[in-house]
Structure formats: structure tokens, C-alpha cells
Amino acid sequence: TRENIAVADLAADNTLELCRDEPFSDQPSVAACTGVLLTEDLVLTAAHCVDGPTDCEDRVIMRNFVNSADRLWAGPDPEDIRACLRLEWTPTLDDAAGGARDLAVIRLAGSFEPSPSIALRGDRAQPGEPVVAIGYPSGLPAKADMGGRITSAPTAETDYVTASTDTFGGSSGGPVFDVDGALLGITVGGKRDYEYDAERGCFRTKVEADPTRGAERIAPIKPALAEMCRGGFSRACALADAAIATASYRPNRGCPMNTE
């Protein structure tokens, strides 16, 4: 319960053995993955975050896992928790992890109010396009990376988008938005997050020499919903039809979400 959780015992320097001078190492690490509330009772996440069609009984979905300037997370509020009722969609391919089919939809046992209002991106992301990634990196309270850019679009060999977003394990299933605030896709994979500091006996963030060559993987939302629709998940059909086409990306245009 909220009363008997010792938040200090959940700090990342303890649960993940992060070095104590690592950013956010004193914050609690409790989230296994991230998700996107599509409707009041449907959550989109990465399929590798669930273990299969029967993996629901012991899962709960929590919102408002955040720290703010005037309020630190002090444990879950029952109003922010819903049980998993069932999995509405999981991929049929065994090799879906980390690709565009690495998606699952969870139906909640109860709804979150008010109903979300979210615009879905209908056209393809373009290399160089700025994006905003939100998630629970390493299980920490929500973080937003507002400095990422698309580094590659889907090709004949790959069905996902890559980006230079600063995401970690735990960010999987998290939303990636374009600068107009439309949901472009969700994070489904990336490179190794940490390396061991043998001298200190703890883990440190692995820093890329050239962050512009990011290879964090994003599953685009429109083709994912279309596949779910073809597979018989009728709620996805209406969502796919509602996906909007954005204006062509212009590198020098104004940036409403302040990513530049």
C-alpha cells in the first residue's frame, strides 16, 4: 500500500546498482515498461513487455509516476492504478521484438478518466525530424527527452524508425511525438544502456561518441494500427482511420514543443 512502501529502498543506486553520482540514481526504480493510454481503457505498449496472451494476471498499470518541482513521488495512489483485464492484441511473429510489430494492447479492468485526447501521426517520419520521447527510463519516474531526431526511416530491410532519443530499458512502450504533438510511434528497442565501472563497483551510463547516429528503435503508429485492424482488433480500425497526415517537415520552421 501507499503507507508501507519505503521509497528510499527502491532508489536506482540500490535496485540497479547505479553509481551514486549518476543522474537520478536517488530516484525510485519501479516501472517495468511504459505505455500510452489510447482510450480510457486501452493501453498501447511494447509486446516484449508482456510474456504472451496469458500474461495479465499479476500486472498493474499505473499513471502519474512523476516527480515535479513541488512534489516528489511518494508511492502509488490507488486512484492511479488499474489492473490488467486482458491482452487485446499481441504479435503473431516470434521475432517481433524490437521491430515495428513489437506492440501489444492491454485492456484495463476499469477506465482512467478523463478520456485521453491524442492525435495520431498518419504519414512517415523523415530523417532529421525532431521528436520528443517520454518514458520511464530504467524504471524511473517519467522523463522527457526533447532533443531527439529521426536518424532513419523504414526501409525494405527494416520496418521501424531509428532516432537519437535518450531512452533506456523501461522506456519501451513509451510515446514518441512529433513537434506538432502527434503520436508518431512508440519506443521498442535500442543500444546497451550501462557499462560496469570496476573501480567503483557500480554501473554508469554508456555514452555514445556520436549521439547524432542514434539507433533507438521506434515502431510507427499508423502501420501498427492497420495491422491490428487486419488481424481482427476492431477498435484499432477507427484509430487508424483517425491518424492524421502532418505538414511536410521543414527544418527551419517554428517548433511548438521547444525541441530546438
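One-based numbering along the sequence shown. Note that this is a predicted model, so its numbers are computed, not measured.
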Looking at every heavy atom in both [X] and [Y], which two are closest together, and how far apart are they?
| X | Y | value |
| --- | --- | --- |
| Pro175 | Gly35 | CD-O, 4.4 Å |
| Val50 | Ala104 | CG2-CB, 4.1 Å |
| Arg86 | Cys56 | N-SG, 3.4 Å |
| Asn67 | Pro141 | ND2-CG, 3.8 Å |
| Cys229 | Ala236 | N-CB, 3.9 Å |
| Ala153 | Ala125 | CB-O, 3.8 Å |

>> Restricting to salt bridge (charged side-chain N to carboxylate O under 4.0 Å, His left out), what partner residues turn up for Arg230, sequence neighbours left out?
In response: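 In terms of salt bridge (charged side-chain N to carboxylate O under 4.0 Å, His left out), with neighbours along the sequence ignored, Arg230 is linked to no residue.
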
Within the structure provided, determine whether [X] and [Y] are in side-chain contact (heavy-atom separation under 4.5 Å).
| X | Y | result |
| --- | --- | --- |
| Thr165 | Val131 | yes |
| Thr162 | Ile150 | no |
| Phe203 | Glu195 | no |
| Phe177 | Ile118 | yes |
| Arg82 | Arg59 | no |
| Val36 | Thr45 | no |
| Glu22 | Asp13 | no |
| Leu38 | Val43 | no |

From [X] [atom1] over to [Y] [atom2], what is the distance, rounded to the nearest 0.5 angstrom?
| X | Y | atom1 | atom2 | value |
| --- | --- | --- | --- | --- |
| Ser138 | Phe24 | OG | CZ | 10.5 Å |
| Lys222 | Arg124 | NZ | CZ | 13.0 Å |
| Thr15 | Gln27 | OG1 | CD | 11.5 Å |
| Ser171 | Lys143 | OG | NZ | 10.0 Å |
| Ser25 | Leu18 | OG | CG | 6.5 Å |
| Leu183 | Ile221 | CG | CD1 | 5.0 Å |

>> For Asp145, is there any backbone N or O sitting under 3.5 Å from a side-chain donor or acceptor partner on Asp166?
In response: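 Not confirmed, Asp166 side chain does not pair with Asp145 backbone.
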
> So, does Asp102 use its side chain to make a donor-acceptor pair with the main chain of His48 at under 3.5 Å?
Replying inline: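 A pair under 3.5 Å: yes.
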
Is it true that [X] and [Y] fall in one hydrophobic cluster, defined by side-chain heavy atoms closer than 4.5 Å?
| X | Y | answer |
| --- | --- | --- |
| Leu10 | Tyr194 | no |
| Trp73 | Leu140 | no |
| Ile61 | Leu85 | no |

> How far apart are the C-alpha atoms of Val30 and Phe65, what are their side-chain angles, what is the distance that settles it, and do they pass the side chain to side chain contact (heavy atoms under 4.5 Å, CB included) test?
Replying inline: CA-CA 9 Å; Val30 302; Phe65 180 37; 3.4 Å; yes

> Between Leu37 and Leu108, is a side chain to side chain contact (heavy atoms under 4.5 Å, CB included) present by the stated rule, with each step listed?
Replying inline: CA-CA 10 Å; Leu37 194 63; Leu108 305 177; 4.2 Å; yes

Considering only NZ, NE, NH1 and NH2 on the basic side and carboxylate oxygens on the acidic side, decide whether [X] and [Y] come within less than 4.0 Å.
| X | Y | value |
| --- | --- | --- |
| Arg121 | Asp123 | yes |
| Lys206 | Glu208 | yes |
| Arg204 | Asp21 | yes |

>> Checking Asp80 now: which residues fulfil side chain to side chain contact (heavy atoms under 4.5 Å, CB included) with it, not counting sequence neighbours?
In response: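 Listed in chain order: Arg63, Asn64, Asp77.
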
> Please walk me through it: do Val176 and Thr187 pass side chain to side chain contact (heavy atoms under 4.5 Å, CB included)?
Replying inline: CA-CA 7 Å; Val176 180; Thr187 298; 3.6 Å; yes

> Would Val161 and Glu216 count as a side chain to side chain contact (heavy atoms under 4.5 Å, CB included) if you check the C-alpha gap in whole Å, the side-chain angles of each, and the deciding distance to 0.1 Å?
Replying inline: CA-CA 8 Å; Val161 172; Glu216 304 299 283; over 6 Å; no

> Is atom CD of Glu113 surrounded by more than 12 heavy atoms (other residues, nucleotides or ligands) closer than 6.0 Å?
Replying inline: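 Enclosed.
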
> Between Tyr136 and Phe168, does the ring centroid distance fall short of 6.0 Å?
Replying inline: no

> When Leu44 is tested against each of Ile186, Thr39, Ile106, Thr34 for side-chain contact (heavy atoms from CB on, under 4.5 Å), which residue passes?
Replying inline: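 Output: one option passes, namely Ile186.
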
> Can you name the ring-ring contact (aromatic ring centres under 6.0 Å, His included) partners of Phe233, sequence neighbours left out?
Replying inline: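 Scan of Phe233 (ring-ring contact (aromatic ring centres under 6.0 Å, His included), adjacent residues dropped) gives none.
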
